[in-house]
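The analysis underlying the following values was restricted to heavy atoms, covering all of them including side chains, and did not include hydrogens, waters or symmetry mates. A quick note: this is a predicted structure, and the numbers were derived from the prediction, not measured.
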Amino acid sequence: MSAPTLQTAFVDWTSADPVRDRASGVLGDVAVSIEGPLGNSFISNEYDGYGWSAFEPELPLSDAVEVRGSAPGSDFVVTFDPPVRQPVFDVASLASTMKFTNLPPGARAEKLSGDADFDASGDTVRGKAHEAAVNSEGILVTDSNGTIRLTGDHEYGSVRFTLTPNFTASVPDGVLLQIGGLIRPPAFVDWTSADPAQDRATGVLGDVAVSIEGPLGTSFISNEYDGYGWSAFEPELPFSDAVEVRSAPGRNFEVKFKPKVRNPIFYIASLASTMKFTNLPPGARAEKLSGDADFDASGDTVRGKAHEAAVNSEGILVTDSNGTIRLTGDHEYGSVRFTLTPNFTASVPDGVMIQIGIGG
């Protein structure tokens, strides 16, 4: 069997606290954190400073954490759990010397892209202070900018570095940092049984046993469901398994993972109910990754609206609301409980199609 293809992805930062000097997020199924002096960060995919040729690849919009370097040097530590290979750092507005202090033997900071004043050699990355100006690509930039990769056949669980300003002003140097790496593409449950008489479905997700318990309807366990094959879902799945869960007031559901998983993904099709997660760990939330206009996720709740079946602009016959959510935070999930309550007054239950994945 060939090894799974890896894909480049960047951290989804879910929190950044300049009071506690800590930011945390996820890179696929890897929990990532930065500790050290922080400033104003971007954790809602709204930073546009990586969207030009100094960065490889260009990111039109992204998260970014502001790390602040002060004389005689500020200390930072990035942690990866589990460890990763060859992490990538997008470094914007660098007017400091960034020195990695715990690289393994033979590892170095390799410049992948950047402007003329952005330099990487050995364990050190250097930038220069420049006033804000519009460059030849029409982008307003300050200081030096570029992308580096930590090389070598090593697994990085911890990366330590210092930031020391290369100018004499008394204010700290605010540097915008994003981190990427090679991750597995998302994998989804192969549902092997779904029994509405016993209200239980079971399947496997790699080496993880998965089950859903609660009122079930007609499910698809032979990779024949095509309802996730359009842009409301990320990534699109032309064909997949899917379990129908049936919503009614007071109905409870539980998903179990053995062993536990991080940041599970839920594909939710034909949702005309409120889906409320009832046992999320502190700080966790349901994050919308994709979906139509009426598909909403906030805190512990996902909401959809009832719509008659109609062919959308992509030529897909859809009903109700549709989208993808991920459960965030640095947590391992062995059990996920939720309720489904219809958002309409008809006496029939709301049949919602669920698929579950990890990674990506």
Side-chain angles (χ1 to χ4, degrees), residues 5-13 16 23 25 27-28 32 34 38-69 76 78 84-100 103 107-152 156 159 161 163-167 172-183 185 234-235 289-290 360:
T5 301
L6 300 180
Q7 61 186 26
T8 301
F10 290 84
V11 176
D12 174 15
W13 296 101
L27 177 60
V32 186
I34 295 178
L38 303 184
N40 297 316
S41 299
F42 300 83
I43 62 173
S44 298
N45 200 45
E46 76 268 41
Y47 181 67
D48 60 3
Y50 304 126
W52 61 291
S53 61
F55 301 96
E56 178 57 41
E58 297 178 23
L59 303 177
L61 292 173
S62 174
D63 289 356
V65 174
E66 185 187 22
V67 292
R68 291 193 164 184
F76 300 87
V78 180
V84 300
R85 293 180 184 272
Q86 300 188 346
V88 172
F89 290 73
D90 280 355
V91 187
S93 189
L94 178 71
S96 294
T97 294
M98 181 181 189
K99 185 177 179 65
F100 294 95
L103 294 186
R108 61 187 176 87
E110 175 190 23
K111 179 179 177 179
L112 299 182
S113 60
D115 51 37
D117 291 330
F118 183 84
D119 179 69
S121 177
D123 60 7
T124 303
V125 182
R126 294 180 178 87
K128 291 185 178 180
H130 297 285
E131 292 296 324
V134 176
N135 67 11
S136 61
E137 298 176 45
I139 307 295
L140 180 67
V141 298
T142 59
D143 307 331
S144 299
N145 301 266
T147 303
I148 64 105
R149 176 174 55 205
L150 300 184
T151 69
Y156 293 88
V159 174
F161 64 90
L163 272 181
T164 306
N166 292 329
F167 54 89
D173 181 26
V175 180
L176 276 301
L177 194 67
Q178 177 58 306
I179 300 172
L182 295 174
I183 65 170
E234 178 58 40
L289 300 181
S290 60

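Note: Phe76 and Phe161 have parallel aromatic rings, judged against thresholds of 30 and 60 degrees for the angle between ring planes.
In this structure, Asp63 contributes its side chain and Asp12 its backbone to no donor-acceptor pair below 3.5 Å. A donor-acceptor pair is defined here as one N or O able to donate and one able to accept, closer than 3.5 Å; such a pair exists between the side chain of Thr147 and the backbone of Glu56. Judged by distance alone, the side chain of Ser41 and the main-chain N or O of Glu66 form a donor-acceptor pair under 3.5 Å. Judged by distance alone, with hydrogens and angles left aside, the side-chain atoms of Lys99 form no donor-acceptor pair with the main-chain N or O of Leu163 at under 3.5 Å.
No side-chain N or O of Thr164 forms a donor-acceptor pair with one of Ser96 less than 3.5 Å apart. A donor-acceptor contact closer than 3.5 angstrom links the side chains of Asn166 and Thr97.
Taking the charged nitrogens against the carboxylate oxygens, Asp143 and Lys128 have no contact shorter than 4.0 Å, which rules out a salt bridge.
With sequence neighbours excluded, no residue forms a side chain to side chain donor-acceptor pair (under 3.5 Å) with Thr151.
Heavy atoms from other residues, nucleotides or ligands lying under 6.0 Å from CG of Asn135 number more than 12.
At least one side-chain heavy atom of Gln178 sits under 4.5 Å from a side-chain heavy atom of Val11.
You'll find the ring centres of Phe100 and Phe89 inside the 6.0 Å limit.
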